[in-house]
Amino acid sequence: MRIDCALAVFSLLASGGQHRKTAPSFDAATVSDAQTRTEVGPEVAGSAVVRAQILLDRAHFSPGEIDGQWGDNLRIAVLGYQAAHKLAASGRVDRDTWQSLDQDAAPALLPYTIMPEDVAGPFEKIPSDIMEQAKLQSLGYQSTEEELGERFHINPKVLSALNPAKDLAKAGEQIQVPNVQRESLMPAARVVVSKSQGTVSAFAYDGTLLAQYPATMGSEHDPLPIGEWKITGVQRNPAFYYNPSLFWDAKPEDSKARIAPGPNNPVGLVWIGLSKEHYGIHGTPEPGRIGHTESHGCIRLTNWDAEELSKLVEPGVPAILQE
């Protein structure tokens, strides 16, 4: 399966959250406390938001990267969760939503000991220029912090804030990490990509909503190809084949190139092919930009959401791309 989707991204929004005068505080004990039920909505940030994001992530209503900030990804996840659980659609983590989320009694944070292999690397700075990326043998993680952030679905800076005085690059250090172990789901009968909601959703054969993920899709230059397509296959840890003729903003000196696999590859760790040529649902090297950027037509998720979705689909499953 040759992956040459036209998908480079460019910034649309600097942040999904609101501008704040003071930085939010993050406290592991508050995140872990089942009595933490501060209403989470616009302009709210901090430990209660982290707890809500972890619980939604585990319930398969992904908020994207856990960043402790209110934003569109979290709002959309809350609305999806409320609809699926027949709660009032407040779009906030209100009392009834907290009560529902807290039926999941598993701890929000777990202890984790940083292992020697976590810090072993090799770590290498990834250049932004696609031609420079083509010179690399692998597009792996750039740091231990980035690797841990991906594994536990959390912004590395927030992970660090939850673990003050801890060295995230030191083997043997014990830290607190989000408990984002998700239960396995039944196979999906169809996948729906909603442009207006900015989501990719997987539905069971009985119509039950299995999972919902925030997504970046399309742009003015490369709009989402609305229509009914099919999943053609799944490729994990894919290489990316850059074709400048597919990019409206390619540099004149660019040439076709193969970009090596890795989590910082332009299509991330998973490619889910669609029957529409050059298009797919895939991961991303920058999870914090999901929902806050535009793409060159393809549909991008965080690496961990793309990985979960890839386990739910098989060739022939309908993929409905709608407004």
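Since we're looking at a predicted model, the values are computed, not measured.
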Could you state whether Val158 and Val49 fall into the same hydrophobic cluster, counting links through intermediate Ile, Leu, Val, Met, Phe, Trp or Tyr residues with side-chain heavy atoms under 4.5 angstrom apart?
->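 Val158 does not cluster with Val49.
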
Could you check Leu162 against Gln176 for side-chain contact (heavy atoms from CB on, under 4.5 Å), going step by step and ending with a plain yes or no?
-> CA-CA 7 Å; Leu162 288 171; Gln176 295 291 311; 5.7 Å; no

Can you give the donor-acceptor pairs under 3.5 Å from side chains of residues 197-207 to other protein atoms, not counting sequence neighbours?
residue : atom : partner : partner atom : Å
Asp206  : OD1  : Thr208  : N            : 3.0
Asp206  : OD1  : Thr208  : OG1          : 2.7
Asp206  : OD2  : Thr208  : OG1          : 3.2

What pairs of residues pass the salt bridge (Lys or Arg N to Asp or Glu O under 4.0 Å) test when at least one of them lies in [range], not counting sequence neighbours?
range            : answer
residues 259-275 : none
residues 224-241 : none
residues 314-323 : Lys195-Glu323

Distance-only polar pair, side chains of [X] and [Y], donor-acceptor under 3.5 Å:
X      : Y      : result
Ser62  : Gln212 : no
Glu146 : Asn264 : yes
Tyr141 : Arg151 : no

Got a sec, which residues hit side chain to side chain contact (heavy atoms under 4.5 Å, CB included) with [X], two or more places apart in sequence or on another chain?
X      : result
Glu132 : Pro127, Asp129, Lys135
Ala260 : Leu139, Arg258
Leu185 : His60, Leu210, Ala211, Glu308, Leu312
Arg92  : Glu39, Pro42, Ser90

What residues form a salt bridge (Lys or Arg N to Asp or Glu O under 4.0 Å) with Asp27, not counting sequence neighbours?
->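 Applying salt bridge (Lys or Arg N to Asp or Glu O under 4.0 Å) to Asp27 gives none.
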
Considering only NZ, NE, NH1 and NH2 on the basic side and carboxylate oxygens on the acidic side, decide whether Arg300 and Asp305 come within less than 4.0 Å.
->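 Salt bridge: no.
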
Evaluate the salt bridge (Lys or Arg N to Asp or Glu O under 4.0 Å) criterion for residues Lys157 and Asp67: first the C-alpha distance (whole Å), next the side-chain angles of each, then the deciding distance (0.1 Å), finally the verdict.
-> CA-CA 8 Å; Lys157 292 182 179 179; Asp67 61 1; over 6 Å; no

Using side chain to side chain donor-acceptor pair (under 3.5 Å) as the criterion, list what pairs up with [X], not counting sequence neighbours.
X      : value
Ser160 : none
Tyr81  : Ser100
Arg190 : none

Where is the tightest heavy-atom contact between Pro223 and Tyr279, given as atom of each residue plus distance?
->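 Scanning both residues completely, I find the closest heavy atoms to be O-OH, 4.1 Å.
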
So [Y] and [X], do their side chains get closer than 4.5 Å, heavy atoms only?
X      : Y      : result
Asp104 : Arg58  : yes
Ile126 : Pro285 : no
Val78  : Leu56  : yes

